[in-house]
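Taking it in order: structure first as structure tokens, then the write-up.
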Amino acid sequence: MTGLVVAMDGPSGSGKSSASRGVARALGLRYLDTGAMYRAVTWWMLQQGVDLGSPSAIAARAGEPVLEIGADPDAPSIAVGGVDVAGPIRSHEVTAAVSAVSAVPEVRSRLVAEQRAVIGAGDIVVEGRDIGTVVAPAAQVKIYLTASAEARAQRRTAELAGSTVEAQRTAMARRDTLDSTRKADPLAMAGDAVELDTTALNLDEVIAEVLRLVKETT
Ligand code: DC
């Protein structure tokens with residue numbers, strides 16, 4: 001790896017996506033949303049009627065969906081088998097099912113390999129749950145974004161029409177527990193990551209702080 005890799009990990013609602021895209025734009029880097037890949041595989045499994053209560057049923061089909069993911073921070077794109085799924089992967093149905101699919105080691109190993117292929121020689125900001133720990137442990141900059149449960153639930157509610165803060169808080173707590181207690185590559189902060197609490201920061205402040213850390217480290 002020769003170019004810069006910025007690993008941005010953390011739970012949902014910590015502000016990872018907007019901050020990662022903003023940082024990539026400011027530095028002229030590519031951008032990879034690894035969560036979108038887990039969501040795309042989940043969308044495909046739901047379409048195929050795979051029993052998501054059965055890890056072995058998920059594992060048996062894990063290699064089938066063909067993903068195409070774009071790395072332009074101004075126009076992130078994702079398709080499965082040639083179908084644009086950028087909208088559908090944000091549906092409630094996919095969000096509720098993605099933790100079960102992403103806990104299956106066969107799904108993770110194939111997506112981690114694809115993520116490493118996209119990262120290639122670097123010059124990229126990569127967001128996810130296990131980037132600093134598993135996907136790109138040699139990343140020069142590792143940031144772990146956090147925010148209070150209240151702030152995270154409020155941000156998600158503002159993004160999604162027709163939801164309440166209370167419902168979001170419950171759904172996010174469930175997903176956090178599943179993501180951080182699974183056996184395969186759980187959500188965790190890398191030992192050499194910098195923790196950034198975004199509770200009291202707006203987007204521009206988060207981006208500025210990450211840019212400062214990048215400058216300091218590189
Ligand atoms: O960041 P997101 O909410 O779009 O991620 C969706 C799910 O994908 C998340 O609940 C856990 C999983 N995920 C993962 O296991 N590893 C990653 N690197 C990224 C996401």
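All ligand and atom numbering here is 1-based and tracks the order in the structure. Scope of the values below: all heavy atoms of this structure, side chains included, with no hydrogens, waters or symmetry mates.
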Quick one: nearest non-hydrogen protein atom to [atom], plus distance?
{"atom": "atom 20 (C) of ligand 1", "result": "G35 CA, 3.5 Å"}
{"atom": "atom 18 (N) of ligand 1", "result": "D130 OD1, 2.8 Å"}
{"atom": "atom 8 (O) of ligand 1", "result": "Y38 CB, 3.6 Å"}
{"atom": "atom 19 (C) of ligand 1", "result": "T34 OG1, 3.4 Å"}

Is R156 in polar range of ligand 1, meaning some N or O pair under 3.5 Å apart?
no
Quick one: do V80 and W43 satisfy side-chain contact (heavy atoms from CB on, under 4.5 Å)? Show the steps, please.
CA-CA 9 Å; V80 186; W43 175 86; 4.1 Å; yes
Out of M37, Q115, R129, R39, whose heavy atom is nearest to atom 9 (C) of ligand 1?
R129
Which option out of T133, L187, V98 puts a heavy atom nearest to atom 7 (C) of ligand 1?
V98
Has R182 got any heavy atom lying under 4.0 angstrom from an atom of ligand 1?
yes
Does R108 have a heavy atom less than 4.0 Å from any atom of ligand 1?
yes
Interfacing atoms of ligand 1 (cut-off 4.0 Å, heavy-atom, [X]):
{"X": "G128", "value": "18 (N), 19 (C)"}
{"X": "S102", "value": "11 (C), 12 (C), 15 (O)"}
{"X": "D179", "value": "9 (C), 10 (O), 11 (C)"}

Residue part near ligand 1, for R175, under 4.0 Å between non-hydrogen atoms:
side chain
Inspect the contact between R108 and D130 and indicate whether a charged nitrogen and a carboxylate oxygen are less than 4.0 angstrom apart.
yes
In terms of side-chain geometry, is the basic nitrogen of R25 or D74 positioned less than 4.0 Å from the acidic oxygen of its partner?
yes
Evaluate the salt bridge (Lys or Arg N to Asp or Glu O under 4.0 Å) criterion for residues R30 and D123: first the C-alpha distance (whole Å), next the side-chain angles of each, then the deciding distance (0.1 Å), finally the verdict.
CA-CA 6 Å; R30 297 179 299 136; D123 289 333; over 6 Å; no
Hey, does the side chain of T198 reach the backbone of T146 with a donor-acceptor pair shorter than 3.5 angstrom?
yes
Only one of D176, D185, D9, D179 forms a salt bridge (charged side-chain N to carboxylate O under 4.0 Å, His left out) with R129, so which one is it?
D179
Among side-chain atoms of S163 and Q168, is any donor-acceptor pair under 3.5 angstrom?
yes
Please say whether more than 12 non-hydrogen atoms of neighbouring residues, nucleotides or ligands are located less than 6.0 Å from CD in Q47.
yes
Y38 side chain reached by L111 side chain, heavy atoms, under 4.5 Å:
yes
